[in-house]
Amino acid sequence: MINSLALSDAVLAFVSAFSVFLMAQRNAIAQVHRLSSIMALLGFFLITLAASLGALRYGVSPLWVKPHDLMTGIATFISPPILSAALCLGLSTKAWSYLYWAIVLAVFYLLYMLADKYHLEELWRNTLLSLSLIGCLLFTLRSQLNYGVKLMLLIAIISYFLGGLVLGFHGMLLGYLRLELFRYFIGLGNLLLSASMYLTFKRDYSL
């Protein structure tokens, strides 16, 4: 019998890998958005890697516990803010330099290390996710996107909110592990967010 936790992680890994694929379509993305798409690719890749390790942990061997815990911590701290930043830049047709992105990544990794050291993981994770979602929501509502893309973004934001801030990781809900439901909601959010970002990034501003 397939472990349900392994299955939910495998689904999240597959969906996130598709998101990585969309962000890797460099030739289809407008020049102004290419660096943002690379950073979004990194955000989705971290989630893909963490979920893949989770599938190995729950479906193959407990030897993968430590690598999974490490990558899950990194992904939950770094992916939300860089995905949010990439989306907001895309919606505002602006771009950051490599140096600026490097500083941003270093800051968020430092925050992760401090949170881990002082056992503030949940507080910092929820704070970063909340700020990331607020930023995405404000920029989405102010954007001039067509109705379909804007709707996808709003559903993605709701999915992240429900999965990351409402459901949580612990306990059961309606007979299902909250951790499983969390992964499915995050997977849906990743699918809709990456599709929306791809459609946003591919616009040609040279016309």
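No hydrogens, no waters, no symmetry mates; every other heavy atom, side chains included, goes into these values. Start at 1 with the first residue, then count along the sequence. Please read all numbers here as calculations on a predicted model, not as lab measurements.
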Set of residues satisfying ring pair (Phe, Tyr, Trp, His ring centres under 6.0 Å) with respect to Phe182, sequence neighbours excluded: Phe169

Across all chains, not counting sequence neighbours, the side-chain contact (heavy atoms from CB on, under 4.5 Å) partners of Ala10 are Ala55

Taking Met152 as the fixed residue, which of Leu199, Leu145, Leu193 is the one that meets the side chain to side chain contact (heavy atoms under 4.5 Å, CB included) rule? Leu199

Apply side chain to side chain donor-acceptor pair (under 3.5 Å) to Ser79 and list each qualifying residue two or more places apart in sequence or on a separate chain. none

What pairs with Thr72 under side chain to side chain donor-acceptor pair (under 3.5 Å), at least two apart in sequence or on another chain? His68

Report the residues that fulfil side-chain contact (heavy atoms from CB on, under 4.5 Å) with Leu99, sequence neighbours left out, ordered by chain and then residue number. Ser97, Ile103

Which pairs with one or both residues in residues 99-113 pass side chain to side chain donor-acceptor pair (under 3.5 Å), sequence neighbours excluded? none

Is Arg57 salt-bridged to Asp69, cutoff N-O under 4.0 Å? yes

Residues 156-169 vs side chain to side chain donor-acceptor pair (under 3.5 Å), sequence neighbours excluded, gives Tyr160-Asn190

Under the 4.5 Å side-chain heavy-atom rule for ILVMFWY, direct or indirect, which residues accompany Ile134? Leu138

Side chain to side chain donor-acceptor pair (under 3.5 Å) contacts in which one or both residues fall within residues 170-180, not counting sequence neighbours: Ser4-Glu180

Tell me every residue that passes side chain to side chain donor-acceptor pair (under 3.5 Å) with Ser84, counting only those two or more places apart in sequence or in another chain. none

With a sphere of 6.0 Å drawn around CH2 of Trp96, does it hold more than 12 non-hydrogen atoms of other residues, nucleotides or ligands? yes

Distance-only check: which donor-acceptor pairs under 3.5 Å involve side-chain atoms of residues 113-132, not counting sequence neighbours?
unit_1, atom_1, unit_2, atom_2, d
Asn126, ND2, Glu122, O, 3.3
Thr127, OG1, Leu123, O, 2.8
Ser130, OG, Asn126, O, 2.7
Ser132, OG, Leu128, O, 2.7

For Thr48, check side chain to side chain donor-acceptor pair (under 3.5 Å) against everything at least two apart and list the hits. none

Look only at the side chain of Arg34 and the backbone of Phe201, and say whether a donor-acceptor pair between them is shorter than 3.5 Å. no

Tell me whether Phe45 at atom CZ has more than 12 heavy atoms from other residues, nucleotides or ligands lying less than 6.0 Å away. no

